[in-house]
K.L.:
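The structure follows.
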Amino acid sequence: MYLFSVLIIPCFLIWYVSAFTEFKQKSYIPPVVIGLVTGCIFCFIKAFFFLSSHIWTTSVSNAFWHIFTSDALAAIFIFAAWIGACIKIDRWEYKLSMFLPLVLSFYAIYIPYDVISNRFNNTAFILFIKPVMYIFMCWLIQELIYLGWKKFRNGDRVAAIIQWALSVIPLILPSFSEAYWTLHQYSFIPYIIAAVMGILSIGGYILFQNRSLSEEN
């Protein structure tokens with residue numbers, strides 16, 4: 001029952017590393033290893049040191065904040081730590097290109113743990129939709145990072161900031177969808193949001209499949 005939730009993110013990561021050859025495949029090893037190790041540590045801490053259960057209410061905003069801080073906020077801290085650690089080591093093109101491999105490697109560990117421990121772990125939304133939405137989230141943020149860096153390199157810093165600020169939207173959508181679904185399980189809204197994220201992700205792949213952060217303009 002959990003096979004899809006466990007395998008979908010690692011399979012996507014393998015495809016991504018194989019498909020995007022802007023950098024040598026060994027260049028993906030550091031962010032992937034860091035993401036996997038961070039995921040293991042995070043799950044261990046959450047399992048053994050945060051044992052209290054969240055008190056669910058009828059408030060979507062309350063449910064959203066709980067899910068966002070538990071699931072999505074980690075992506076910000078992991079990527080910020082990555083940028084900080086590599087600030088004087090690697091080119092910006094490399095650091096920014098590693099958002100998806102880094103963060104999705106973390107989710108390759110965390111999402112299966114979260115799905116299995118979720119109180120709704122026998123539902124299609126948690127088993128199938130949630131893991132896919134986090135893939136879409138990382139994909140869309142990676143594309144917005146690419147577009148923002150392209151604008152920044154061309155001297156349009158305002159447009160770059162706008163592109164990067166738009167990353168907040170895909171960052172919050174999975175958490176909002178799950179929060180809304182938790183309280184309104186017969187609503188189609190979370191599935192529509194997932195479908196829109198999927199369409200945008202596929203559209204981004206078609207438009208930017210040959211993209212390169214290090215290409216000359």
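Please read all numbers here as calculations on a predicted model, not as lab measurements.
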K.L.:
Step by step, work out the side chain to side chain contact (heavy atoms under 4.5 Å, CB included) result for R153 and E93.
P.N.:
CA-CA 10 Å; R153 257 192 340 188; E93 290 83 355; 4.1 Å; yes
K.L.:
Determine whether K46 and Y113 satisfy the following criterion, side-chain hydrogen bond (donor to acceptor under 3.5 Å, both in side chains), listing intermediate values before the conclusion.
P.N.:
CA-CA 10 Å; K46 189 171 182 181; Y113 162 82; 5.9 Å; no
K.L.:
Find out whether I67 and F176 are in side-chain contact, i.e. whether some heavy atom of one side chain is under 4.5 Å from a heavy atom of the other.
P.N.:
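SC-SC contact between I67 and F176 ruled out.
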K.L.:
With sequence neighbours excluded, tell me which residues meet side chain to side chain contact (heavy atoms under 4.5 Å, CB included) with R157.
P.N.:
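In terms of side chain to side chain contact (heavy atoms under 4.5 Å, CB included), with neighbours along the sequence ignored, R157 is linked to F152.
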K.L.:
Side chains of residues 122-130: which donor-acceptor pairs under 3.5 Å do they make with residues two or more places apart or in other chains?
P.N.:
unit_1, atom_1, unit_2, atom_2, d
T123, OG1, F120, O, 2.7
K130, NZ, D71, OD2, 2.8
K130, NZ, D114, OD2, 2.2
K130, NZ, E178, OE1, 2.9
K130, NZ, E178, OE2, 3.3

K.L.:
Among all residues two or more places apart in sequence or in another chain, which pass the side-chain hydrogen bond (donor to acceptor under 3.5 Å, both in side chains) test with S61?
P.N.:
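Partners of S61 under the side-chain hydrogen bond (donor to acceptor under 3.5 Å, both in side chains) test: S59.
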K.L.:
Applying side chain to side chain contact (heavy atoms under 4.5 Å, CB included), name anything that partners A159, two or more places apart in sequence or on another chain.
P.N.:
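Scan of A159 (side chain to side chain contact (heavy atoms under 4.5 Å, CB included), adjacent residues dropped) gives K151, D156.
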K.L.:
Would Y205 and F23 show up in the same hydrophobic cluster when neighbours are defined by side-chain heavy atoms closer than 4.5 Å?
P.N.:
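Yes, one cluster joins them.
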K.L.:
Going by ring-ring contact (aromatic ring centres under 6.0 Å, His included), Y107 matches just one of F42, Y134, W139. Which one?
P.N.:
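Of the listed residues F42, Y134, W139, the ring-ring contact (aromatic ring centres under 6.0 Å, His included) partner of Y107 is Y134.
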K.L.:
When you compare the side chain of Q185 with that of P190, does any pair of heavy atoms fall below 4.5 Å?
P.N.:
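Contact flag for P190/Q185 side chains = no.
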K.L.:
Just wondering, are more than 12 heavy atoms of other shown residues or ligands nearer than 6.0 Å to CZ in F4?
P.N.:
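Yes, CZ of F4 has more than 12 neighbouring heavy atoms, counting only those of other groups under 6.0 Å.
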K.L.:
Can you name the residues that form a side chain to side chain contact (heavy atoms under 4.5 Å, CB included) with I169, not counting sequence neighbours?
P.N.:
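So I169 forms a side chain to side chain contact (heavy atoms under 4.5 Å, CB included) with L166, L173.
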K.L.:
List for me each residue that meets side chain to side chain contact (heavy atoms under 4.5 Å, CB included) alongside I45, sequence neighbours excluded, and say none if there are none.
P.N.:
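For I45, the residues satisfying side chain to side chain contact (heavy atoms under 4.5 Å, CB included) (neighbours in sequence not counted) are I41, F49, F50.
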K.L.:
Nearest 0.5 Å, please: how far is SG in C40 from OH in Y110?
P.N.:
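The distance works out to 13.5 Å.
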K.L.:
Hydrophobic cluster membership, with links at side-chain heavy-atom distances under 4.5 Å among I/L/V/M/F/W/Y: are V196 and I199 in one?
P.N.:
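Result: no, two separate clusters.
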K.L.:
List for me each residue that meets ring pair (Phe, Tyr, Trp, His ring centres under 6.0 Å) alongside F44, sequence neighbours excluded, and say none if there are none.
P.N.:
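Applying ring pair (Phe, Tyr, Trp, His ring centres under 6.0 Å) to F44 gives F48.
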K.L.:
Can you see which heavy atom on Y180 is nearest to which on S187, and at what distance?
P.N.:
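So the minimum-distance heavy-atom pair works out to CE2-OG, 3.3 Å.
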K.L.:
Looking at residues at least two apart in the chain, or sitting in another chain, which of them share a side-chain hydrogen bond (donor to acceptor under 3.5 Å, both in side chains) with S70?
P.N.:
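In terms of side-chain hydrogen bond (donor to acceptor under 3.5 Å, both in side chains), with neighbours along the sequence ignored, S70 is linked to no residue.
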K.L.:
Can you tell me how far OG of S167 sits from CD1 of I162, rounded to the nearest 0.5 angstrom?
P.N.:
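Output value for this atom pair is 12.5 Å.
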K.L.:
Answer yes or no: is there a donor N or O on one side and an acceptor on the other, between the side chain of W82 and the main chain of K95, under 3.5 Å?
P.N.:
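Yes: the side chain of W82 pairs with the backbone of K95.
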K.L.:
Name each donor-acceptor pair under 3.5 Å that joins a side chain in residues 24-37 to protein atoms two or more places apart or in another chain, with its distance.
P.N.:
unit_1, atom_1, unit_2, atom_2, d
S27, OG, K24, O, 3.3
Y28, OH, F20, O, 2.9

K.L.:
Can you list every pair that meets salt bridge (charged side-chain N to carboxylate O under 4.0 Å, His left out) and has a residue in residues 182-205, with sequence neighbours left out?
P.N.:
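Output for this query is empty, none listed.
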K.L.:
Give the intermediate values and the outcome of side chain to side chain contact (heavy atoms under 4.5 Å, CB included) for residues L73 and I76.
P.N.:
CA-CA 5 Å; L73 199 59; I76 300 175; 3.8 Å; yes
K.L.:
State the CD1-CD1 distance between I9 and I14, to the nearest 0.5 angstrom.
P.N.:
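It comes to 12.5 Å.
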K.L.:
Nearest 0.5 Å, what's the OG-CD1 distance between S5 and I111?
P.N.:
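Answer rounded to 0.5 Å: 9.0 Å.
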K.L.:
How long is the span from the CE atom in M133 to the SG atom in C138, to the nearest 0.5 Å?
P.N.:
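One gets 12.0 Å once the value is rounded to the nearest 0.5 Å.
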K.L.:
Hydrophobic clusters here meaning ILVMFWY residues chained together by side-chain heavy-atom distances under 4.5 Å, can you tell me if F77 and F106 are in one?
P.N.:
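Same cluster.
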K.L.:
Can you tell me how far CD1 of I145 sits from CG of L140, rounded to the nearest 0.5 angstrom?
P.N.:
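L140 CG to I145 CD1: 11.0 Å, rounded to 0.5 Å.
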K.L.:
Just jot down the ring pair (Phe, Tyr, Trp, His ring centres under 6.0 Å) partners of F99, sequence neighbours excluded, or say none.
P.N.:
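Counting only residues at least two positions away or on another chain, F99 forms a ring pair (Phe, Tyr, Trp, His ring centres under 6.0 Å) with F79.
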K.L.:
Does F136 reach the side chain of P170, with side-chain heavy atoms less than 4.5 Å apart?
P.N.:
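Not touching, per the 4.5 Å side-chain cut-off.
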K.L.:
Could you state whether M197 and W15 fall into the same hydrophobic cluster, counting links through intermediate Ile, Leu, Val, Met, Phe, Trp or Tyr residues with side-chain heavy atoms under 4.5 angstrom apart?
P.N.:
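Hydrophobic grouping puts M197 with W15.
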K.L.:
Following the transitive rule for hydrophobic clusters with a side-chain heavy-atom cut-off under 4.5 Å over Ile, Leu, Val, Met, Phe, Trp and Tyr, establish whether I161 and I83 coincide in one cluster.
P.N.:
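No, I161 and I83 fall in different hydrophobic clusters.
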K.L.:
Under the salt bridge (charged side-chain N to carboxylate O under 4.0 Å, His left out) rule, what pairs show up with a residue in residues 30-41, not counting sequence neighbours?
P.N.:
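Listed once each, the pairs would be none.
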K.L.:
Main chain of K150, side chain of N154: is a donor-acceptor contact present, judged purely on distance under 3.5 Å?
P.N.:
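At least one qualifying donor-acceptor pair exists.
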K.L.:
Would a 4.5 Å heavy-atom cut-off, applied to side chains only, mark Y191 and W181 as touching?
P.N.:
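Yes. Closest side-chain heavy atoms under 4.5 Å.
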K.L.:
Can any side-chain N or O of Q142 pair as donor or acceptor with the backbone N or O of L100 at less than 3.5 Å?
P.N.:
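Checked: pair present.
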K.L.:
Go through the steps to decide whether W164 and L144 satisfy the test side chain to side chain contact (heavy atoms under 4.5 Å, CB included), and finish with yes or no.
P.N.:
CA-CA 6 Å; W164 290 331; L144 287 167; 5.6 Å; no
